[in-house]
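Below is one structure, written out as structure tokens; the observations come after it.
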Amino acid sequence: MFEIGNALREARRRQGLDLAACEQATKIRAKYLMALEEERFEALPEPAYVRGMLRAYAEFLDVDSAPVLEEYGHRVGGSTMPAPETIHTAPSRRPRPSGRRPRGGRRRRRRLDGRLAWLALGSMGAVGAVVWLG
């Protein structure tokens, strides 16, 4: 059985790092890093966050993250990634060519609507001024 905590702890010690330095570099709290090294997964947030922490910490320590995540998946009873057939994405309204960003959009329409409103208001003011002076 692969020991996640020992692998991470030994890699950290080989590099001469303490938890504070790892916390600074990975932006993961030291208490969470300690829980990872002690394999106290119940003291950590949701499994999705733990997977991200494990991946980031392992990569920081130059440890292959694949076996770490695989072992974690076995222990918590879930896989590290959902199977491709279970990944669902919302269909887009219309397909767009890849590599291009959509043009226009809501922001442009709002800006155009605002400009049209000011143009109409200005036109009404001009007509009112002509009638009043006329």
Side-chain angles (χ1 to χ4, degrees):
M1 176 194 259
F2 180 75
E3 294 185 14
I4 297 170
N6 283 338
L8 296 173
R9 186 179 310 105
E10 290 305 315
R12 178 178 58 82
R13 288 181 178 163
R14 272 194 308 270
Q15 294 180 23
L17 299 170
D18 61 352
L19 286 175
C22 294
E23 177 182 27
Q24 194 74 11
T26 61
K27 307 297 186 218
I28 300 171
R29 292 183 183 175
K31 69 178 185 176
Y32 292 152
L33 295 176
M34 186 180 297
L36 290 174
E37 289 184 359
E38 294 172 356
E39 298 186 15
R40 291 183 297 112
F41 301 119
E42 69 281 352
L44 297 165
E46 295 296 317
Y49 294 112
V50 175
R51 287 184 189 99
M53 287 181 205
L54 282 170
R55 179 178 287 116
Y57 194 34
E59 288 174 359
F60 170 71
L61 296 173
D62 292 326
V63 174
D64 185 15
S65 62
V68 172
L69 293 172
E70 186 177 330
E71 179 61 29
Y72 176 71
H74 289 302
R75 291 193 191 179
V76 296
S79 66
T80 58
M81 289 291 292
E85 60 272 1
T86 61
I87 298 174
H88 300 289
T89 59
S92 60
R93 292 188 180 179
R94 69 174 185 194
R96 60 184 148 126
S98 70
R100 287 184 52 200
R101 294 180 63 190
R103 297 186 146 218
R106 254 178 232 231
R107 178 176 281 174
R108 187 173 185 151
R109 274 189 240 132
R110 286 183 189 155
R111 191 179 312 144
L112 185 61
D113 290 345
R115 288 179 184 166
L116 287 176
W118 281 108
L119 181 64
L121 187 62
S123 298
M124 288 174 28
V127 170
V130 168
V131 169
W132 184 66
L133 292 174

#### Entry: Glu38: salt bridge (charged side-chain N to carboxylate O under 4.0 Å, His left out) partners, not counting sequence neighbours
Arg40
### Task
Name all residues meeting the salt bridge (charged side-chain N to carboxylate O under 4.0 Å, His left out) criterion together with Glu39; count only those two or more places apart in sequence or in a different chain, and write none if there are none.
Arg75
Shortest non-hydrogen contact from [X] toward [Y]:
X: Val50; Y: Pro45; value: CG2-O, 3.4 Å
X: Gln24; Y: Lys27; value: O-NZ, 3.1 Å
X: Leu36; Y: Met53; value: CD1-CB, 4.1 Å
X: Ala56; Y: Ile28; value: CB-CD1, 4.1 Å
X: Glu23; Y: Arg29; value: OE2-CA, 3.5 Å

### Task
Could you work out the complete set of other residues in the hydrophobic cluster of Met124, with links drawn between I, L, V, M, F, W and Y side chains under 4.5 Å apart?
none
### Query
So which residues get pulled into Val130's cluster when ILVMFWY side chains under 4.5 Å apart are joined, directly or through others?
none
### Query
Can you list every ring-ring contact (aromatic ring centres under 6.0 Å, His included) pair that touches residues 17-41, not counting sequence neighbours?
Phe41-Tyr72
## Note on the structure
Rounded to the nearest 0.5 Å, the CG atom of Asn6 sits from the CZ atom of Arg13 at a distance of 9.0 Å
## Note on the structure
Rounded to the nearest 0.5 Å, the CD1 atom of Ile4 sits from the CD atom of Glu37 at a distance of 12.0 Å
### Query
side chain to side chain contact (heavy atoms under 4.5 Å, CB included) between Leu44 and Tyr49: does it pass, once the steps are laid out?
CA-CA 8 Å; Leu44 297 165; Tyr49 294 112; over 6 Å; no
Donor-acceptor pairs under 3.5 Å, side chain of residues 61-69 to any protein atom, not counting sequence neighbours: which ones?
unit_1, atom_1, unit_2, atom_2, d
Asp64, OD1, Ala66, N, 3.4

#### Entry: Glu10 atom CD: more than 12 heavy-atom contacts under 6.0 Å
yes
### Query
Side chains of Leu8 and Leu54: closer than 4.5 Å at any heavy-atom pair?
yes
### Query
Can you name the side chain to side chain contact (heavy atoms under 4.5 Å, CB included) partners of Ala21, sequence neighbours left out?
Leu17, Asp18
### Query
Of all residues at least two apart in sequence or in a different chain, which pass the side chain to side chain contact (heavy atoms under 4.5 Å, CB included) check with Ala25?
Phe60
